[in-house]
There are 2 protein chains.
Amino acid sequence: MKITTVKGTSDYLPEEVALRDSMQSAILRTYRSAGYEHISTPAIEDIENLDKSEGGDNLNLIFKILKRGEKLEEALASGDAHELCDMGLRYDLTLPLCRYYANNKAHLPAPFKSIQVDRVYRAERPQKGRMREFVQCDIDILGDASPAAEVDLILTTARALGSLDIGHFRIRINDRRILRSILSSQGFPTESLDTVSVSFDKLDKIGVEGVIAELTEKGFEPAAIEAFRAFLENKPQTPEEAASFGADSEAVASLRAIMDAAEALSDGTWEVVFDVSLVRGQGYYTGTVFEVESKDFRGAVGGGGRYDNLVGKFIGEKVPAVGFSIGFERIFGILKQQGKKTLESRPRAVIFFSGDSAADALPAQKAAAALRGEWDVTVAAMPKKLGKALSRYAERGFTAYMVVGQDDVLKELK
Amino acid sequence: MKITTVKGTSDYLPEEVALRDSMQSAILRTYRSAGYEHISTPAIEDIENLDKSEGGDNLNLIFKILKRGEKLEEALASGDAHELCDMGLRYDLTLPLCRYYANNKAHLPAPFKSIQVDRVYRAERPQKGRMREFVQCDIDILGDASPAAEVDLILTTARALGSLDIGHFRIRINDRRILRSILSSQGFPTESLDTVSVSFDKLDKIGVEGVIAELTEKGFEPAAIEAFRAFLENKPQTPEEAASFGADSEAVASLRAIMDAAEALSDGTWEVVFDVSLVRGQGYYTGTVFEVESKDFRGAVGGGGRYDNLVGKFIGEKVPAVGFSIGFERIFGILKQQGKKTLESRPRAVIFFSGDSAADALPAQKAAAALRGEWDVTVAAMPKKLGKALSRYAERGFTAYMVVGQDDVLKELK
């Protein structure tokens with residue numbers, strides 16, 4: 001039998017789970033305090049729902065579940081590998097949320113403010129920092145087209161991040177309509193806007209000349225490319241500057257309003273900054289996109305955006321939607337590196353009893369029961385070397401102990 | 001796109017998740033207060049670990065995950081259906097716990113008292129009450145052979161069940177060694193003890209004559225069968241009565257000690273009763289087995305037992321182990337039917353603002369922030385029909401509201 005976890009997944013030790021639990025409850029408490037409601041969906045979804053979703057690269061990363069019984073035999077006989085599976089593990093929480101909303105709309109308020117804190121699965125090539133099973137923490141507002149929804153998500157996410165004690169952070173913000181309208185006005189054809197955005201997204205990596213070379217290679221009009229070069233060399237720093245490059249005025253106004261409202265409510269530990277180059281990978285975003293950046297946490301610790309067309313794929317009517325996700329695993333990884341213990345815990349004590357029969361433990365169990373209002377108390381057989389055992393308990397965070405039948409008093413453990 | 005969940009799995013509405021969350025935190029709090037430590041393992045395990053485990057019927061219920069990339073192509077080319085999968089979803093939390101202990105032993109205390117609250121998966125034929133994805137809540141003690149471990153598990157599980165407000169319950173208890181030693185003394189061969197136990201397990205369904213007929217058909221010695229009939233017709237009601245049928249004296253003494261110690265510490269809401277017919281399905285149990293029974297909850301709401309050989313399959317050395325699991329889904333189902341709401345919650349308020357721009361929401365967001373010490377507060381656009389909207393909020397459990405810019409006072413909502 002193999003004792004390690006499957007590649008890309010992880011066992012968590014008690015002290016790690018204590019930290020993860022306390023992070024999750026801090027996040028959940030903050031989300032709930034802003035009126036969001038916790039929901040739960042299965043980790044397994046119909047394979048067709050997953051395959052037909054607009055998950056971008058994630059569609060290549062779906063863990064597929066083999067059919068069973070007769071249906072498996074039929075599939076094997078057909079010789080068609082695409083027929084082998086009927087279900088898959090979800091790769092994010094957004095697609096399941098849209099299905100959930102369609103399935104349960106009659107029982108949900110409008111607008112609906114949801115919380116999801118759950119595991120997702122991606123068949124990534126195992127490598128450091130790329131996990132195949134990990135936790136996402138999402139809030140979403142469904143059924144609200146107003147920019148007040150974005151503000152609510154930003155404020156709530158910022159408070160949740162604040163509760164995790166991650167220090168100062170910046171929320172980069174953009175609107176997909178801004179880049180698209182600029183590109184259109186420069187003469188790029190509508191059907192190529194995504195391709196150009198993808199090249200643009202590489203700006204940090206390949207520089208202005210790299211992007212221009214890529215667009216030239218793709219065969220776009222020289223005039224459009226030249227206009228785009230001017231834009232790249234003078235990247236707009238505000239939504240208003242973007243407007244001067246031909247950005248859609250409604251998108252500019254909406255973004256400005258969101259930024260101003262959010263900044264007005266910031267407690268000073270975070271700020272909102274416009275970043276015209278922010279695109280994000282998911283295919284389903286239609287408007288605002290966000291990403292949270294923390295110096296201490298090297299890179300993105302959150303992200304999200306508006307996806308007004310995804311719910312409609314399930315219910316046929318358009319339902320505006322916007323969500324914000326916290327990068328739980330990255331924050332956990334860094335807090336752990338920083339040596340952070342659980343954010344909340346009760347004091348722990350151990351009570352020792354002599355003997356090894358069930359009856360011998362009785363007085364210790366009674367003493368433990370009496371202390372549990374205030375303490376987490378474990379009952380243990382008296383170790384051969386008490387001193388050594390006590391140092392081990394102290395290392396694990398225990399702060400008191402008692403030896404039943406010897407002194408029956410709770411003593412401090414250092 | 002399909003809007004329903006895959007068969008045998010479930011979406012949970014906000015009020016259901018509120019109840020489930022509060023049940024889980026009550027259970028977790030109780031477990032922690034007795035010194036158990038929360039751990040976490042992946043939902044995905046290596047397919048060989050799952051296949052080679054002693055999971056009994058559950059081995060036929062494993063959801064298998066298709067290989068990917070080149071390895072899938074090789075498997076398809078080989079034409080061997082057994083080669084198609086490399087991983088599977090766990091069917092319980094006990095096998096992963098044993099693997100976990102083997103993998104992390106160096107970092108764990110001895111004995112190790114673990115908590116697991118997590119999802120498991122079984123490819124059951126979908127039918128009422130049989131779920132394919134469900135939550136298990138387990139505590140286990142690894143590395144403690146003493147019956148004091150059983151007592152600790154019983155007391156802690158009883159307290160956890162008590163915290164869920166399920167009324168009076170009985171803990172049925174037995175020791176697998178008792179039945180096995182009785183059968184041996186009656187002349188059944190050692191290698192057939194499991195088969196005979198399986199027939200015995202059907203006593204409630206097929207009666208004494210049914211069991212006898214089955215054993216006769218299986219071709220056992222008439223003398224052994226007659227001795228077994230005498231046992232069936234005078235089923236022992238105590239461990240001591242079992243001793244008179246030839247039960248192993250060590251098992252009898254251990255069971256008696258466990259029962260007495262547990263009873264001595266009961267708060268009167270539960271009792272421990274000996275049941276010689278209790279077997280339980282898992283192949284891996286070696287000694288004590290428990291099952292919790294509640295009249296109000298029609299059937300088992302918990303179960304467990306000692307499995308002293310399972311960890312050894314991973315680690316090569318024998319590690320005694322015993323665990324107790326709470327039937328979370330059954331208890332949730334009944335509490336829900338009883339109309340039980342969340343066991344703990346903060347009061348909820350809604351603050352309305354007029355307008356639909358991001359700026360319009362600012363005063364409401366400020367008012368909400370000021371109230372969140374005590375309240376969960378949601379900010380919402382002023383509805384067209386306030387009265388109707390307020391009744392809907394009241395139905396959802398909101399108890400106060402405010403209209404910003406109109407009166408700015410929190411008013412009671414009934």
Side-chain angles (χ1 to χ4, degrees), chain A residues 1-6 9 11-14 17 21 32-33 35 37-42 44 46 49 52 63-66 68 76 81 84-85 87 99-100 102-104 107 109 123 133 146-148 151-152 155 257-258 261 264-265 313-314 356-359 361-362 365 372 376-379, chain B residues 1-6 9 11-14 17 21 32-33 35 37-42 44 46 49 52 63-66 68 76 81 84-85 87 99-100 102-104 107 123 133 146-148 151-152 155 257-258 261 264-265 313-314 356-359 361-362 365 372 376-379 396:
Chain A
M1 307 278 261
K2 294 172 194 163
I3 69 168
T4 53
T5 61
V6 296
T9 67
D11 282 340
Y12 294 103
L13 290 170
V17 177
D21 281 354
R32 280 209 176 106
S33 77
E37 302 189 88
H38 194 190
I39 64 160
S40 170
T41 65
I44 305 172
D46 189 278
N49 279 1
K52 285 188 202 155
F63 281 116
K64 297 179 180 177
I65 295 173
L66 198 66
R68 299 144 306 278
L76 287 168
L84 289 171
C85 296
M87 306 188 286
R99 186 199 51 66
Y100 175 94
N103 193 23
N104 299 287
H107 307 289
E133 178 186 55
S146 125
V151 176
D152 206 76
L155 292 177
I258 293 167
L265 291 160
K313 297 188 92 177
F314 287 95
D356 62 357
S357 83
L362 272 179
Q365 289 287 1
R372 286 205 177 105
D376 286 351
V377 189
T378 196
V379 168
Chain B
M1 306 279 260
K2 293 173 194 163
I3 69 168
T4 53
T5 62
V6 296
T9 68
D11 282 341
Y12 293 104
L13 291 170
V17 177
D21 280 354
R32 281 209 176 106
S33 76
E37 301 188 89
H38 195 190
I39 65 160
S40 170
T41 66
I44 304 172
D46 188 278
N49 279 1
K52 285 187 200 156
F63 280 115
K64 296 179 180 176
I65 295 172
L66 197 68
R68 299 144 306 279
L76 286 169
L84 288 172
C85 296
M87 307 189 284
R99 185 200 50 67
Y100 175 94
N103 193 24
N104 298 288
H107 308 288
E133 178 186 57
S146 128
V151 175
D152 206 77
L155 293 177
I258 292 167
L265 291 160
K313 297 189 92 176
F314 286 95
D356 62 356
S357 82
L362 271 179
Q365 289 286 3
R372 286 204 177 105
D376 287 351
V377 189
T378 195
V379 168
R396 288 167 56 203

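Naming: A, B, ... by sequence-line order, numbering from 1 per chain.
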Heavy-atom proximity to chain A below 4.5 Å, by part of [X]:
| X | answer |
| --- | --- |
| B:Thr5 | both |
| B:Arg32 | both |
| B:Ile65 | both |
| B:Leu13 | both |
| B:Ile44 | both |
| B:Ala361 | side chain |

Heavy-atom pairs under 4.5 Å with chain A - which of [options] has more of them than the others?
| options | result |
| --- | --- |
| B:Thr9, B:Asp46, B:Leu76 | B:Asp46 |
| B:Ala358, B:Pro147, B:Pro42 | B:Pro42 |
| B:Ala261, B:Pro14, B:Ala148 | B:Pro14 |
| B:Gln365, B:His107, B:Met87 | B:Gln365 |
| B:Arg99, B:Lys313, B:Arg396, B:Glu37 | B:Arg99 |

- Query: Where do B:Tyr12 and A:Tyr100 come nearest, in terms of heavy atoms and distance?
  - Reply: O-OH, 2.7 Å

- Message: Which heavy atom of B:Ser33 sits nearest to which heavy atom of A:Arg372, and what is that distance?
- Response: O-NE, 2.6 Å

For the atom pair [atom1] ([X]) and [atom2] ([Y]), what is the distance rounded to the nearest 0.5 Å?
| X | Y | atom1 | atom2 | value |
| --- | --- | --- | --- | --- |
| A:Asp11 | B:Asn104 | CG | CG | 5.0 Å |
| A:Phe63 | B:Leu66 | CZ | CG | 11.0 Å |
| B:Phe314 | A:Ile3 | CZ | CD1 | 9.0 Å |

Look at [options] and state which one has the largest set of heavy-atom pairs under 4.5 Å with chain B.
| options | answer |
| --- | --- |
| A:Lys52, A:Arg68, A:Lys2 | A:Lys2 |
| A:Val377, A:Asp152, A:Asp356 | A:Val377 |
| A:Leu84, A:Ile258, A:Thr4 | A:Thr4 |

- Task: Please state whether the side chain, the backbone, both or neither of A:Ala257 comes within less than 4.5 Å of a heavy atom of chain B.
- Result: both

- What part of A:Ile39 lies closer than 4.5 angstrom to a heavy atom of chain B: side chain, backbone, both or neither? both

- Message: For B:Ser146, give me all partners under side chain to side chain donor-acceptor pair (under 3.5 Å), at least two apart in sequence or on another chain.
- Response: none

- Can you list the residues that meet the side chain to side chain donor-acceptor pair (under 3.5 Å) rule with B:Asn49, with sequence neighbours excluded? none

- Message: Within the 4.5 Å heavy-atom criterion, are A:Val151 and B:Val379 side-chain neighbours or not?
- Response: no

